[in-house]
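Beneath this line is the structure, given in structure tokens, with notes to follow.
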Number of protein chains: 2
Amino acid sequence: MSQGQPLQRGALTVQGILEEATALADDGGLAALSMRALGRRLGVEGMAVYHHFANKEALLDALVDRVFNEMALPEGEDWRVGLRARSVSERLVLRRHPWAIGLVESRTAPGPITLAHQDHVIGYLRARGFAGRGSAQVLAFLDAYVYGFVLQELALPTDPTPVVDVVREHEGPSPYPHLDALITEVVEAGYDFADEFDVGLDLLLDAMGALRG
Amino acid sequence: MSQGQPLQRGALTVQGILEEATALADDGGLAALSMRALGRRLGVEGMAVYHHFANKEALLDALVDRVFNEMALPEGEDWRVGLRARSVSERLVLRRHPWAIGLVESRTAPGPITLAHQDHVIGYLRARGFAGRGSAQVLAFLDAYVYGFVLQELALPTDPTPVVDVVREHEGPSPYPHLDALITEVVEAGYDFADEFDVGLDLLLDAMGALRG
DNA sequence: TATCGTGCTTTACGCTGTAAGAGTCTCGTC
DNA sequence: GACGAGACTCTTACAGCGTAAAGCACGATA
């Protein structure tokens, strides 16, 4: 699967293609994942991939599905502990593959790995006192929080100084007085947005108790 | 701004371009928004747009920023009521422009409208007992929930029957027993995922009280 | 009237996904 | 061993993409 050297005939496998496609997207974003670039990386012409996937959409479907394989399943008796671990893992996986969350929006047919993952979580919750609808709600609300938080993290500039400059770049009264104050009080006091994930997660987990039984 | 008829020289404005670009993306998704298609809709060659926006990225930046104009700002004394109204509006706007949430991921420099919106919300929260960090947390957690929920809504198939078929399409024991049970108990009893938004939102708003003062 | 800048068009380049067809290699069967 | 059938890959081609560069036409200014 390494770059450049041509493969033996038949050495192109679905697994291998998915691995290289993931690596390609991880490195250069979704835009870098073209069929030709993927072929190049596999030591093959781009069109060769079409013998293993009907079209690019099918490849992307499989890619998204595969991401769920990396997410930890909830474990242990205490559902708060189990769900927290799963959510933490989910966030890390989505940060590792930033292209995945952008793809979710456009694909409406969950793959087998995704279904198996969700099936497991639902079963886990049902065994711990969450009734039918309650289990679905807990899964949906936690996922919503994780997806949304990661989305904000990805949109966060790696270097905040230009934004800070924009907020403060003015003469006379600031156009964004409250953001200005927030920067002074919080951001400049060593605030790390990533730390807030656990805070919000614990608040949400506490709230989920109301959906039990 | 209507389709087809050529414009007078100079009739192409930033506002007009943004309006048509939004309509184009609303209708056919982000993929339908090409510079040539946009020009066609404006009665102009695609390249003409480049006299008003440096490149497509700049256009997309402005599009995302403009979306924030449609979101209601929080109002009233009761912060729970004010925030709930804002979140409900935010969700509706994101559903109206499904392409917007996919764009957020890739743009790290918030525009002036976005900044003004956030500034207002932070000010609103500060005036109602949320200290520096607390106000930032409330905004982040609520947005995370709304973004993530809408993301799931957009990924939801408009017609769930094919997914139901996949879950149940088996001989012998179901590969997804808990999802199968969930469908029986909940989905087939007239479950509407959209209704869950308010449930989760109220739980989260209750939890936000802990960040006050 | 001559000049200039603005706003739009034209042309061109390298990229994209993928349809169609032409090889070529590997098998199972006789 | 010969042969037919598939499976697999490559080649070619097409329409569309973002956008650099240059050209053209008009209104305002000198």
Side-chain angles (χ1 to χ4, degrees), chain A residues 1-25 27-64 99 102-103 105-107 109, chain B residues 1-25 27-64 99 102-103 105-107 109:
Chain A
M1 308 301 134
S2 58
Q3 220 159 338
Q5 54 219 11
L7 293 180
Q8 304 294 338
R9 181 188 178 74
L12 210 55
T13 66
V14 168
Q15 274 307 314
I17 293 173
L18 289 178
E19 270 171 39
E20 287 305 319
T22 301
L24 204 52
D27 288 356
L30 257 195
L33 177 55
S34 77
M35 300 305 267
R36 285 174 177 88
L38 178 56
R40 212 173 301 135
R41 192 154 175 151
L42 288 159
V44 122
E45 293 301 311
M47 287 305 289
V49 177
Y50 282 87
H51 258 265
H52 303 270
F53 294 91
N55 49 37
K56 195 176 184 183
E57 283 294 286
L59 175 64
L60 295 180
D61 281 345
L63 276 182
V64 170
W99 44 269
L103 278 184
E105 174 209 358
S106 51
R107 58 244 27 253
Chain B
M1 305 302 133
S2 56
Q3 221 159 336
Q5 53 219 14
L7 293 179
Q8 303 294 340
R9 182 191 175 76
L12 210 56
T13 66
V14 168
Q15 274 307 313
I17 293 173
L18 289 178
E19 269 171 39
E20 287 305 319
T22 301
L24 205 52
D27 288 356
L30 255 195
L33 177 54
S34 76
M35 301 304 268
R36 287 173 175 88
L38 179 55
R40 213 172 301 134
R41 193 153 174 151
L42 288 160
V44 121
E45 293 301 312
M47 287 302 293
V49 178
Y50 283 87
H51 262 264
H52 303 270
F53 293 91
N55 47 39
K56 194 175 184 183
E57 282 296 287
L59 175 65
L60 295 180
D61 280 345
L63 276 183
V64 170
W99 44 267
L103 279 183
E105 175 207 357
S106 52
R107 59 243 30 252

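In what follows, every chain begins at residue 1, and chains take the letters A, B, ... in the order their sequences are listed.
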Would you tabulate the pairs of protein nitrogen or oxygen atoms and nucleotide nitrogen or oxygen atoms of nucleotides 9-12 of chain C closer than 3.5 angstrom?
unit_1	atom_1	unit_2	atom_2	d
dT9(C)	OP2	Glu45(B)	N	2.5

Review point. Out of Leu12(A), Ile17(A), Leu38(A), which residue meets the side chain to side chain contact (heavy atoms under 4.5 Å, CB included) rule with Val44(A)?
Key: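 Among the candidates, only Leu12(A) passes.
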
Give the rounded distance in Å between these two atoms: [atom1] of [X] and [atom2] of [N].
| X | N | atom1 | atom2 | result |
| --- | --- | --- | --- | --- |
| Lys56(B) | dT16(C) | NZ | C1' | 12 Å |
| His52(B) | dT19(D) | NE2 | P | 16 Å |
| Tyr50(B) | dC8(C) | OH | P | 15 Å |
| Met35(A) | dA19(C) | CE | C1' | 13 Å |
| Leu12(A) | dT26(C) | CG | P | 15 Å |
| Glu57(A) | dA19(C) | CD | C1' | 17 Å |
| Phe53(A) | dG17(C) | CZ | P | 15 Å |

Exercise for review: Using heavy atoms to find the nearest nucleotide of DNA chain C for Ser34(A) and Ala54(A) separately, return the residue whose nucleotide is more 5′.
Suggested key: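 Closest to the 5' end, via its nearest nucleotide, is Ser34(A).
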
Exercise for review: Dump the intermediate steps for side chain to side chain contact (heavy atoms under 4.5 Å, CB included) on Asp27(A) and Arg41(A), then the final yes or no.
Suggested key: CA-CA 12 Å; Asp27(A) 288 356; Arg41(A) 192 154 175 151; 3.6 Å; yes

**Study point:** Minimum side-chain heavy-atom gap Leu59(B)-Leu18(B) below 4.5 Å
**Key:**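 Yes, at least one pair of side-chain atoms sits under 4.5 Å.
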
Check your understanding: Which part of the nucleic acid, if any, lies within contact of Leu38(B), taking any heavy atom under 4.0 Å across all strands shown: a base, the sugar-phosphate backbone alone, or nothing?
Key ->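 Nothing: the residue Leu38(B), judged by heavy atoms under 4.0 Å, touches no strand.
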
Exercise for review: Heavy atoms only: give me the nearest Ala37(A)-Ala32(A) pair and the separation to one decimal.
Suggested key: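 In terms of heavy atoms, the two residues are closest at CB-O, 3.7 Å.
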
Exercise for review: Over all heavy atoms of both residues, which pair between Tyr50(A) and Asn55(A) is shortest? Give the atoms and the distance, please.
Suggested key: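 Tyr50(A) and Asn55(A) have their closest heavy atoms at CE2-CA, 3.7 Å.
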
Check your understanding: Stepwise, does the side chain to side chain contact (heavy atoms under 4.5 Å, CB included) test hold for Trp99(A) with Leu33(A)?
Key -> CA-CA 10 Å; Trp99(A) 44 269; Leu33(A) 177 55; over 6 Å; no

